Amino acid sequence: MKTILSNNFLLAAVILIPSAALAQDKVPLKTQLPRPLFVGTPVPLNVPNLEPPMKGKRPDFMVPAGSVNLAKGKKVTGSDTNPVVGTLDLVTDGDKAGDEGSWVELGPGKQWVQIDLAKSANVSAVLVWHFHSQARVYRDVVAQVSDDPTFKSGVTTIFNNDFKGELGLGAGKDLNYVETYQGKLIDAKGAKGRYVRLYSNGNTTNKLNDYIEVEVWGKPA
């Protein structure tokens with residue numbers, strides 16, 4: 001009996017020790033949040049598949065120790081080379097305030113921005129702030145990671161709430177969400193790639209596409 005119990009104890013220890021070590025390698029993602037900017041009276045949003053509003057602070061999201069914002073200051077390209085407002089470099093300049101002059105506004109309809117991380121990376125999370133001074137829902141938000149700058153091969157889709165497949169990228173099952181100062185955190189689950197591309201298709205206020213900031217958290221591959 002003693003031999004059986006001893007063997008069971010050793011087996012449990014073998015299972016638990018790697019799990020504990022793995023947990024210790026994870027740390028909360030820490031980013032600097034801008035101050036809340038909502039002004040005026042929120043307008044009721046008649047949007048299907050809308051997730052419940054987040055109450056209070058977002059729970060900690062764990063990332064591998066040593067993860068950093070790989071997007072900071074990196075080159076940004078986009079489908080609209082002549083934005084309505086601002087310039088594409090504002091997407092990764094670190095300014096999330098949401099004040100006048102801190103965002104780029106792309107033309108109406110389907111548009112995308114793409115961040116070149118300079119090297120392939122394992123991406124744990126993408127944080128995006130479209131516009132947070134008004135309760136809006138951006139339509140058909142899709143986020144993808146790839147080592148191919150044309151996104152024709154090796155593409156990993158990490159978020160897709162285009163449930164009607166309007167963008168031609170396949171129908172998604174993720175929920176629509178209301179923009180807030182906390183940004184939208186997308187779990188990238190370690191997707192590997194050098195490029196991160198985000199799509200949208202207008203919003204509930206107008207047909208334009210705005211980006212205040214995008215952060216890409218991960219480690220070089």
Side-chain angles (χ1 to χ4, degrees), residues 29-34 58 61-64 66-81 83 86-96 102-107 110-132 138-162 166-170 172-177 179 182-203 209-221:
L29 187 159
K30 296 291 186 185
T31 189
Q32 191 72 34
L33 293 178
R58 179 171 45 233
F61 182 81
M62 307 302 287
V63 296
S67 296
V68 297
N69 174 20
L70 300 166
K72 179 73 178 295
K74 293 298 194 303
K75 182 181 179 181
V76 182
T77 54
S79 53
D80 186 349
T81 56
T87 52
L88 290 169
D89 60 312
L90 294 173
V91 175
T92 57
D93 69 343
D95 181 0
K96 294 170 269 187
S102 67
W103 71 83
V104 60
E105 189 168 67
L106 310 184
K110 172 184 174 180
Q111 299 285 357
W112 53 262
V113 296
Q114 181 171 313
I115 301 167
D116 180 356
L117 303 177
K119 295 179 180 178
S120 191
N122 295 314
V123 179
S124 296
V126 173
L127 267 165
V128 55
W129 289 260
H130 282 281
F131 193 87
H132 60 83
Y138 280 79
R139 304 186 191 279
D140 304 336
V141 174
V142 176
Q144 296 179 324
V145 178
S146 180
D147 276 317
D148 177 7
T150 67
F151 279 76
K152 292 181 178 176
S153 64
V155 177
T156 301
T157 298
I158 58 174
F159 186 89
N160 184 350
N161 66 16
D162 177 15
E166 301 277 358
L167 300 179
L169 301 171
K173 296 182 178 178
D174 291 304
L175 297 177
N176 288 307
Y177 62 92
E179 294 281 325
Q182 297 193 66
K184 176 63 178 176
L185 190 149
I186 297 171
D187 184 355
K189 297 181 170 60
K192 180 179 174 295
R194 171 174 169 171
Y195 305 93
V196 176
R197 183 179 286 194
L198 296 107
Y199 295 84
S200 59
N201 190 13
N203 63 83
N209 300 271
D210 307 286
Y211 289 88
I212 294 173
E213 191 72 14
V214 176
E215 294 182 347
V216 179
W217 287 81
K219 301 172 73 171

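Since the model is a prediction, treat every value here as computed from it, not as a measurement.
In plain terms, the two heavy atoms of Ala221 and Asn122 that are nearest each other are CA-ND2, 3.8 Å. Nearest approach of Asp187 to Ser124, heavy atoms of both residues: OD1-O, 3.6 Å. Taking each heavy atom of Ile115 and Ala71 in turn, the nearest pair found is CG2-CB, 4.1 Å. What you find for Lys74 and Ala118 is that their closest heavy atoms are CE-CB, 4.0 Å. The two residues Leu70 and Ala121 make their nearest non-hydrogen contact at CD1-CB, 3.5 Å. In this structure, Gly183 and Leu127 approach most closely via the heavy-atom pair C-CD2, 4.5 Å.
A distance of 9.5 Å separates CG in Leu33 from NE2 in His132, rounded to the nearest 0.5 Å.
Asp148 places no side-chain N or O within donor-acceptor distance of the main-chain N or O of Gly154, the cut-off being under 3.5 Å. Formation of a donor-acceptor pair under 3.5 Å by the Lys75 side chain with backbone atoms of Asp116 is not found in this model. Lys96 contributes a side-chain N or O that, together with a main-chain N or O of Gln32, makes up a donor-acceptor pair within less than 3.5 Å. Panel note: side chain Ser146, backbone Tyr195; no donor-acceptor pair is recorded below 3.5 Å. No side-chain donor-acceptor contact under 3.5 Å links Arg197 to the backbone of Phe151. Under the 3.5 Å distance criterion, the side-chain polar atoms of Ser79 are matched with a main-chain donor or acceptor of Trp112.
With sequence neighbours excluded, the residues that form a side-chain hydrogen bond (donor to acceptor under 3.5 Å, both in side chains) with Asp210 are Arg136, Tyr138. Under the rule for a ring pair (Phe, Tyr, Trp, His ring centres under 6.0 Å), the partners of Trp103 that lie at least two apart in sequence or sit in another chain are Phe131. Trp217 meets the side-chain hydrogen bond (donor to acceptor under 3.5 Å, both in side chains) test with Glu215; sequence neighbours excluded.
A donor atom on one side chain and an acceptor atom on the other are not found under 3.5 Å apart for Thr156 and Lys189. A donor atom on one side chain and an acceptor atom on the other are not found under 3.5 Å apart for Gln114 and Thr77. A donor-acceptor pair shorter than 3.5 Å can be found between the side chains of Asp147 and Ser120. A donor-acceptor contact under 3.5 angstrom links the side chains of Thr87 and Asp89, judged on distance only.
In this structure, the side chains of Glu213 and Asp93 come closer than 4.5 Å at one or more pairs of heavy atoms. Between Val113 and Leu106 the shortest side-chain heavy-atom distance falls below 4.5 Å. Proximity of Leu175 to Tyr177: side-chain heavy atoms (C-beta onward) are nowhere separated by under 4.5 Å. For the pair Asn203 and Glu179, the minimum side-chain heavy-atom distance is 4.5 Å or more. In this structure, Glu105 and Pro83 have side chains that are not in contact, with every pair of non-hydrogen atoms separated by 4.5 Å or more. Val214 has its side chain out of reach of Val76: every pair of non-hydrogen atoms, C-beta onward, lies at least 4.5 Å apart. A 4.5 Å side-chain heavy-atom check between Tyr211 and His130 finds at least one atom pair inside the cut-off. Side chains of Asp95 and Leu90 form no contact here, defined as non-hydrogen atoms less than 4.5 Å apart.
For the pairing with Ser200, the side-chain hydrogen bond (donor to acceptor under 3.5 Å, both in side chains) check across Asn209, Asp140, Asn161 returns one residue only, Asn209.
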Discussion item. One pair to check against side chain to side chain contact (heavy atoms under 4.5 Å, CB included): Val128 and Val141. What are the steps and the verdict?
Written reply: CA-CA 11 Å; Val128 55; Val141 174; 5.7 Å; no

Item to complete: Applying side chain to side chain contact (heavy atoms under 4.5 Å, CB included), run through Asn160 and Lys173 and close with a yes or a no.
Response: CA-CA 6 Å; Asn160 184 350; Lys173 296 182 178 178; over 6 Å; no

Practice prompt. Please step through side chain to side chain contact (heavy atoms under 4.5 Å, CB included) for the pair Asp162 and Leu169, ending with a clear verdict.
Written response: CA-CA 8 Å; Asp162 177 15; Leu169 301 171; 5.6 Å; no

